[in-house]
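What follows is a short report on a single structure.
Chain A is the first sequence line, chain B the second, and so forth, proteins listed ahead of strands; every chain is numbered from 1.
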Amino acid sequence: MQFQIGLTDTPFSLEYTLDSGQAFRWERKGEWWYGVVSGGVLKFRQEGDVLYCETSDEKLDSSFVRRYLGLETDMRHVLSSVMKDSVMTRAFQKFYGMRIMSQERWECLASFVLATNSNIPRIKRMVSSLSERYGPPLEYEGTTHHLFPTPAVLADASVSELEECGLGYRAAFIKRVAASVEEGRIDFSEVAMLDYERAREALLSRLFGEKLLLGVGPKVADCVLLFSCGMYEAFPVDVWVARALLTYYPSLLERRLLEKLSSHKPRLSAGDYYSLSSAARSYFGPYAGYAQQYLFMLSRAEGLK
DNA sequence: TAGCAGGAAAATC
DNA sequence: GATTTTCCTGCT
């Protein structure tokens, strides 16, 4: 199936969106970006104000794509809310059109569990070898693609086999998290309906179960809420965003955090994470997550240390 | 709460 | 080619 989406009335950059470290299954081949999403292969090419789309699956239609790429978000609201200072102005000018996507929730959770202590190229490799090994194959244009594996399959995989996908110590985490999802301990659609604070609590443990979820801390929870549940006030803080806050927004930080972040090897405790994240959320407001993603990109582009 | 380990690849020197 | 860093969390 082929179709087009007009972008005349809304800022959008395919490249900045797919390559901003939110999603890990997109690859550029020549003019086209290829990805596997929700049971099908998707293919995108942007030419100015037109987004050309092709897909193996009828269900991945234009309304699906608009939702997936975050095109339904009214950027005028985002801009008027988040444009508070010259740093934001610079970041939005530089990466104009970058959108927060709305990804499949289980895949998003799994991807960010793998992301701990890692880097983007490696995360992509882990996700793709997991998919090749455990995901159902899908032929498209003469190439075999693989869907992202289901929780059931990963829960049944052995840790040593998972390790062979280059996961290292993350293998045990992903197995446990998959099992929790499979057992219904995390009900994503229920989480997505809660308000942000409750949703984070729920993801982080207590709601449906007794046991702590291995491998899901506040940062991973924030990524899942922002990138797959449409909670734009979530403000994940990773090393790059922490550096950006330290460099551009020192006045938002308590003295204690300033000192810690300036130290040689900053290690944030859970308490530190919450104070950082909530300081940023109250400064940037309901679309803080957008501010976060632009800061992430700016921080990397400017090579902050 | 602080301190540390974890595991492999990228980035950097 | 060696060292440092890497979209962090769990355990003690």
Intermediate values then yes/no, salt bridge (Lys or Arg N to Asp or Glu O under 4.0 Å), A:Lys175 and A:Asp156: CA-CA 8 Å; A:Lys175 183 176 162 72; A:Asp156 286 340; 5.9 Å; no
Salt bridge (Lys or Arg N to Asp or Glu O under 4.0 Å) between A:Lys219 and A:Asp222, worked out: CA-CA 5 Å; A:Lys219 196 279 186 176; A:Asp222 275 336; over 6 Å; no
Stepwise salt bridge (Lys or Arg N to Asp or Glu O under 4.0 Å) test for A:Arg281 and A:Glu197: CA-CA 12 Å; A:Arg281 283 193 297 123; A:Glu197 301 274 356; 3.3 Å; yes
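Here the closest heavy-atom approach between residue A:Ser102 and residue A:Ser228 is recorded as OG-O, 4.3 Å.
A chain of hydrophobic side-chain contacts below 4.5 Å, direct or via other Ile, Leu, Val, Met, Phe, Trp or Tyr residues, connects A:Phe3 to A:Leu51. Cluster annotation: A:Tyr274 is connected to A:Leu245 through the hydrophobic network of ILVMFWY side chains, with a link wherever side-chain heavy atoms come within less than 4.5 Å. Grouping the Ile, Leu, Val, Met, Phe, Trp and Tyr side chains by contacts below 4.5 angstrom, directly or via other members, places A:Leu268 with A:Phe296.
Screening A:Leu213, A:Leu154, A:Leu214, A:Val181 for a side-chain contact (heavy atoms from CB on, under 4.5 Å) with A:Arg176, the sole residue that qualifies is A:Leu214.
Here the C1' atom of nucleotide B:dG6 and the CD1 atom of A:Ile174 are 16 Å apart, to the nearest Å. In this entry the distance linking CG of A:Asp238 with P of C:dT6 reads 10 Å, nearest Å. Between the CG atom of A:Asp272 and the P atom of B:dA2 there is a distance of 7 Å, given to the nearest Å. Per the geometry, CZ belonging to A:Arg267 stands 13 Å off C1' belonging to B:dG6, to the nearest Å. In this entry the distance linking CD of A:Glu164 with C1' of B:dA8 reads 15 Å, nearest Å. In this entry the distance linking NZ of A:Lys219 with C1' of C:dT6 reads 11 Å, nearest Å. Atom pair A:Arg200:CZ and C:dT9:C1' shows a separation of 16 Å (rounding to whole Å applied). Remark: P of C:dC8 and CG of A:Leu204 are 16 Å apart, rounded to the nearest angstrom.
Within a 6.0 Å sphere centred on CD of A:Glu161, heavy atoms belonging to other residues, nucleotides or ligands number more than 12. By the neighbour-count criterion of 12 heavy atoms within 6.0 Å, atom CZ of A:Arg67 is sparsely surrounded, having that number or fewer from other residues, nucleotides or ligands. The local environment of NZ in A:Lys59 is sparse, with at most 12 non-hydrogen atoms from other residues, nucleotides or ligands closer than 6.0 Å.
The side-chain hydrogen bond (donor to acceptor under 3.5 Å, both in side chains) contacts involving residues 34-47 of chain A comprise A:Tyr34-A:Glu141, A:Lys43-A:Glu54, A:Lys43-A:Glu141, A:Arg45-A:Glu47, where partners must be two or more places apart or lie in separate chains.
For DNA chain C, each stem of at least three Watson-Crick or G-U pairs (distances under 3.5 Å) is given as range with range: B:2-6 with C:8-12, B:8-13 with C:1-6.
Distance from the side chain of A:Lys260 is smallest to B:dA2 among C:dT6, B:dC4, B:dA2.
Aromatic pair A:Tyr196/A:Phe235: centroids not less than 6.0 angstrom apart. Aromatic ring centroids of A:Phe44 and A:Tyr52 lie 6.0 Å or more apart.
Nearer to the 5' terminus of DNA chain B, by closest-nucleotide assignment, is the contact made by A:Ser269 (compared with the other of A:Ser269 and A:Gly168).
Contact annotation: the side chain of A:Tyr140 never approaches that of A:Val36 to less than 4.5 Å [non-hydrogen atoms, C-beta and beyond].
Listed by residue number, there are no residues of residues 147-160 of chain A with a heavy-atom contact under 4.0 Å to DNA chain C. Contacts between residues 276-305 of chain A and DNA chain C, defined by a heavy-atom separation below 4.0 Å, involve A:Phe296, A:Arg300, listed by number. Taking every heavy atom of residues 91-125 of chain A and every atom of DNA chain C, pairs under 4.0 Å involve A:Ala115, A:Thr116, A:Asn117, A:Ser118, A:Asn119, A:Ile120, by number.
When the P atom is compared between C:dC8 and B:dA11, the two are found 15 Å apart, to the nearest whole Å.
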Listed pairs, N/O of protein and of nucleotides 10-12 of chain C, under 3.5 Å:
| residue | atom | partner | partner atom | Å |
| --- | --- | --- | --- | --- |
| C:dG10 | OP1 | A:Leu213 | O | 2.8 |
| C:dG10 | OP1 | A:Gly215 | N | 2.5 |

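Remark: the backbone N or O of A:Met75 is not paired with any side-chain donor or acceptor of A:Thr73 at under 3.5 angstrom.
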